[in-house]
There are 2 protein chains.
Amino acid sequence: MPTIKDVAQLSGISKTTVSRVINNKGYVSEEKKALVLKAMEELEYHPNLSARRLRGQLTTTIGVIVPKITNPFFSYLVDAIEEAAYEKGYQVLIFQSNEDPKKELAFLNLLKTKQVDGVIMTAVENHWSKVKSFIEHGPIVLCNVYIDKSKVPTVRLNQYKGTYDGIKHLIERGHRKIAYCTGGFFKKEGKGKERNQGYQKALEEAGISINPNWVFVNQHSIEDGQQVLRKILEMDERPTAVFTGSDEVASGMIAEANVRGIQIPDDLAIMGFDDQPIARVVSPKLTTIKQPVDRLGEKAVEIIIEKLNNVESSDEYCELPIELIIRQST
Amino acid sequence: MPTIKDVAQLSGISKTTVSRVINNKGYVSEEKKALVLKAMEELEYHPNLSARRLRGQLTTTIGVIVPKITNPFFSYLVDAIEEAAYEKGYQVLIFQSNEDPKKELAFLNLLKTKQVDGVIMTAVENHWSKVKSFIEHGPIVLCNVYIDKSKVPTVRLNQYKGTYDGIKHLIERGHRKIAYCTGGFFKKEGKGKERNQGYQKALEEAGISINPNWVFVNQHSIEDGQQVLRKILEMDERPTAVFTGSDEVASGMIAEANVRGIQIPDDLAIMGFDDQPIARVVSPKLTTIKQPVDRLGEKAVEIIIEKLNNVESSDEYCELPIELIIRQST
DNA sequence: GCAATTTGTGGAACCGATTTCACATATTGT
DNA sequence: ACAATATGTGAAATCGGTTCCACAAATTGC
């Protein structure tokens with residue numbers, strides 16, 4: 001591999017000036033610039049990023065922590081983040097925490113060791129006080145998670161409102177026996193709690209009290225959904241509608257309902273969350289809540305780059321709208 | 001951030017010896033080792049990777065090129081690769097080519113500039129002669145793609161056999177009018193061609209000739225599938241079965257069939273490819289072809305790490321079995 | 001016409017690690 | 001007892017860039 005020295009030698013110009021040409025910085029005469037560019041071309045020269053990083057203390061890489069890339073919500077989010085970052089000349093290092101706090105810390109250490117300039121977290125597994133300590137090493141932006149006392153730049157969706165609107169939709173359809181499936185629920189922080197509050201509030205306003213038997217926690221997969229449906233069928237008093245925290249769970253329920261001959265939405269109305277592709281292929285198609293994933297990713301990248309450049313961010317806290325999409329399952 | 005110099009100063013020992021302790025290399029007395037370790041602990045020292053890379057010419061990072069992370073097949077593949085690499089102490093840099101040859105080349109340049117030690121390619125967009133030139137800068141392993149003349153370590157699935165078995169299954173069910181949907185097909189190399197050959201061979205053996213009207217190319221998404229179904233319905237002579245190159249396309253067809261009141265598999269049998277979660281939630285559930293994604297990823301990582309360590313690889317070419325999964329759509 | 005800027009350039013120091021080399025001491029073999 | 005080897009250590013060079021600084025030439029201001 002050719003180095004800057006080779007370029008300097010070939011063009012008969014100092015390393016310093018070559019560097020100036022590369023970075024388009026400082027005074028360089030057109031004449032010499034042309035010579036340098038020609039030499040660079042000829043040698044197929046590419047600056048060594050490690051050397052740049054070592055000197056410059058920057059990596060042009062941002063890290064993204066996701067719980068699981070196989071979850072479509074996150075793969076679309078990563079997709080959006082990557083695209084936005086790529087346009088700004090940043091690389092993206094994707095990291096899966098697998099919801100393991102230790103792995104999350106391991107990745108945050110990349111910030112400490114300056115392998116990434118900043119981190120976008122789409123989930124937080126550790127207690128915030130632990131995560132907070134990494135901020136001194138580089139910016140952290142929360143994306144799709146909200147931590148009350150964090151004071152960290154955050155882009156998020158209003159999960160409370162999304163859930164509230166969803167439940168309200170069910171109530172408007174005449175349902176009063178509304179079950180609730182969620183992925184989190186027990187966590188003290190994060191979107192689980194918010195969604196939960198939306199559920200409670202909507203029921204409360206309609207004067208409905210929560211039946212604890214109809215609350216299912218820690219449900220994530222298609223299989224989980226199938227199981228939930230079987231459980232509901234075994235109940236003496238069944239709900240007439242189910243609000244789920246993900247299209248996967250909802251789809252699993254529909255698949256199982258189809259097998260068992262349960263009519264949806266007549267026997268049971270089912271709502272998803274996310275508006276993933278799967279929502280449009282199950283039969284009947286899922287009523288769900290659409291999250292503007294693209295905007296979410298873009299905005300997170302925008303904010304983190306502002307932070308990296310020490311630009312006073314316009315908004316440290318950004319809440320994006322969430323949309324109810326009514327199809328056939330409710 | 002503390003540097004090796006700080007550790008040396010605090011422990012009163014030379015940088016050289018500290019380096020020896022860190023890398024566990026060369027002679028160091030137990031006594032001094034203990035001192036160094038204590039100082040490292042105290043300062044919370046982490047070696048700067050850029051400096052290491054600059055000097056050592058290695059990155060402990062492997063790159064993975066995928067066409068699109070939002071395609072579940074690839075997100076599961078990346079998941080498997082990442083897990084396997086993580087265990088071996090390697091980081092994974094994920095890169096989307098978006099099927100754009102330019103972006104692919106841009107990423108391969110990371111190999112040139114030594115930002116990644118090696119690259120796993122799960123798709124090849126450029127002509128092989130172009131890609132080949134990067135091999136001198138680091139190992140490339142092909143995963144899920146096969147290039148005839150490449151002579152590069154390859155892990156792959158036998159797409160030919162998968163497709164052949166799938167078509168044969170349809171023939172055994174009594175079908176003779178079999179349509180075919182594929183993502184690639186026009187490409188001269190890669191799995192598109194192989195699958196195509198499997199399709200042709202199976203038909204040929206059964207004495208069936210191909211009806212060009214029933215061949216749909218460049219079909220990827222759920223929407224594509226919906227459109228294909230509509231096209232089929234408009235035909236004077238309709239096929240009785242459709243083999244598709246992805247569960248998405250197949251699911252789109254099923255969704256549309258349900259809307260149009262077409263009975264599956266009675267009016268039309270449909271096969272998917274990949275065995276993605278979606279295959280189990282559509283109604284009827286998809287008959288599909290399962291690819292052992294986990295093994296595929298593991299094996300690719302295994303081979304690339306062998307290459308990186310200059311170990312004579314046991315097998316440069318590895319073919320994994322592919323499995324037909326019969327459900328209800330055929 | 002002379003000081004004050006602006007423009008243009010290169011030498012040398014620096015970023016934080018690893019590796020080479022020279023040298024000192026300890027252990028072994030005979 | 002003495003050479004040969006094994007063990008232990010640190011100063012200095014190196015990786016490939018960027019940036020500081022000193023200095024020269026060209027422009028500008030008055």
Side-chain angles (χ1 to χ4, degrees), chain A residues 1-37 39-40 43-61 89 109-117 137-138 309, chain B residues 1-37 39-40 43-61 109-117 137-138:
Chain A
M1 285 294 292
T3 71
I4 198 171
K5 205 175 147 192
D6 300 321
V7 176
Q9 250 153 22
L10 180 64
S11 59
I13 293 169
S14 75
K15 284 202 308 178
T16 311
T17 305
V18 174
S19 171
R20 276 193 276 259
V21 172
I22 296 166
N23 297 289
N24 221 344
K25 202 174 176 183
Y27 300 113
V28 184
S29 64
E30 284 304 321
E31 199 180 354
K32 300 216 168 186
K33 189 169 174 178
L35 280 172
V36 169
L37 288 174
M40 279 169 52
L43 293 169
E44 293 188 58
Y45 168 78
H46 292 277
N48 178 315
L49 242 121
S50 290
R52 268 187 153 161
R53 287 175 179 173
L54 175 56
R55 181 64 228 227
Q57 315 283 35
L58 50 77
T59 68
T60 60
T61 303
N109 263 314
L110 297 187
L111 201 55
K112 230 182 194 167
T113 60
K114 286 283 169 281
Q115 289 190 71
V116 294
D117 292 334
H137 302 106
N309 297 325
Chain B
M1 284 294 292
T3 72
I4 199 173
K5 201 175 151 192
D6 300 321
V7 177
Q9 249 154 23
L10 180 64
S11 59
I13 293 169
S14 76
K15 285 200 308 177
T16 312
T17 303
V18 173
S19 170
R20 277 195 275 260
V21 171
I22 295 166
N23 297 291
N24 222 343
K25 198 175 179 181
Y27 301 113
V28 183
S29 63
E30 284 304 323
E31 196 180 358
K32 300 216 168 182
K33 189 171 177 175
L35 279 173
V36 169
L37 288 174
M40 279 170 52
L43 293 170
E44 294 187 56
Y45 168 77
H46 292 275
N48 177 314
L49 241 120
S50 289
R52 269 186 150 164
R53 287 176 180 173
L54 176 55
R55 180 65 227 223
Q57 318 283 34
L58 52 76
T59 69
T60 60
T61 303
N109 263 313
L110 298 187
L111 200 56
K112 228 180 194 169
T113 58
K114 286 281 170 283
Q115 288 188 73
V116 295
D117 292 334
H137 303 106

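Letters A, B, ... mirror the listed sequences (proteins, then strands); counts begin at 1.
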Please enumerate all residues that pass side-chain contact (heavy atoms from CB on, under 4.5 Å) together with A/Thr16, with sequence neighbours excluded.
A/Ser14, A/Arg20
With A/Leu10 via side-chain contact (heavy atoms from CB on, under 4.5 Å) - residues at least two apart
A/Ala39, A/Glu42, A/Leu43
For A/Thr17 and for B/Asn48, locate the closest nucleotide of DNA chain C by heavy-atom distance; then report the residue assigned to the nucleotide nearer the 5' terminus.
A/Thr17
Do you know the tightest heavy-atom contact between [X] and [Y]?
{"X": "A/Val18", "Y": "A/Ala8", "value": "CG2-CA, 3.9 Å"}
{"X": "B/Asp6", "Y": "B/Pro2", "value": "OD2-CA, 3.2 Å"}
{"X": "A/Tyr45", "Y": "A/Ile22", "value": "CE2-CD1, 3.7 Å"}

How long is the span from the OG1 atom in B/Thr3 to the NE2 atom in B/His46, to the nearest 0.5 Å?
13.5 Å
At what distance, to the nearest 0.5 angstrom, does CG of B/Leu49 lie from OG1 of B/Thr61?
7.0 Å
Spacing between A/Leu49 atom CG and D/dG17 atom P, to the nearest angstrom:
10 Å
In whole angstroms, the gap separating P of D/dT9 from NZ of B/Lys33 amounts to 12 Å
With sequence neighbours left out, what residues match B/Ser29 under side chain to side chain donor-acceptor pair (under 3.5 Å)?
none
Could I get the full list of side chain to side chain donor-acceptor pair (under 3.5 Å) partners for B/Asn48, not counting sequence neighbours?
none
Any chance you could list the contact pattern along nucleotides 18-29 of chain D? Use B for base contacts, S for sugar-phosphate-only contacts and - for none, protein heavy atoms under 4.0 Å, 5' to 3'.
BBB---------
Scan B/Ile13 against the nucleic acid and name what it touches under 4.0 Å (heavy atoms): base, sugar-phosphate only, or nothing.
sugar-phosphate
Distances under 3.5 Å only, N/O to N/O: pair up the protein atoms with those of nucleotides 5-8 of chain D.
residue: D/dT7; atom: OP2; partner: B/Tyr27; partner atom: OH; Å: 3.1

Using chain B heavy atoms and a threshold of under 4.0 Å, write down where along DNA chain C the contacts begin and end, 5' to 3'.
C/dG16 to C/dT20
Listed once per pair and sorted, the salt bridge (charged side-chain N to carboxylate O under 4.0 Å, His left out) pairs that draw on residues 43-55 of chain A, sequence neighbours left out
A/Glu44-B/Lys112
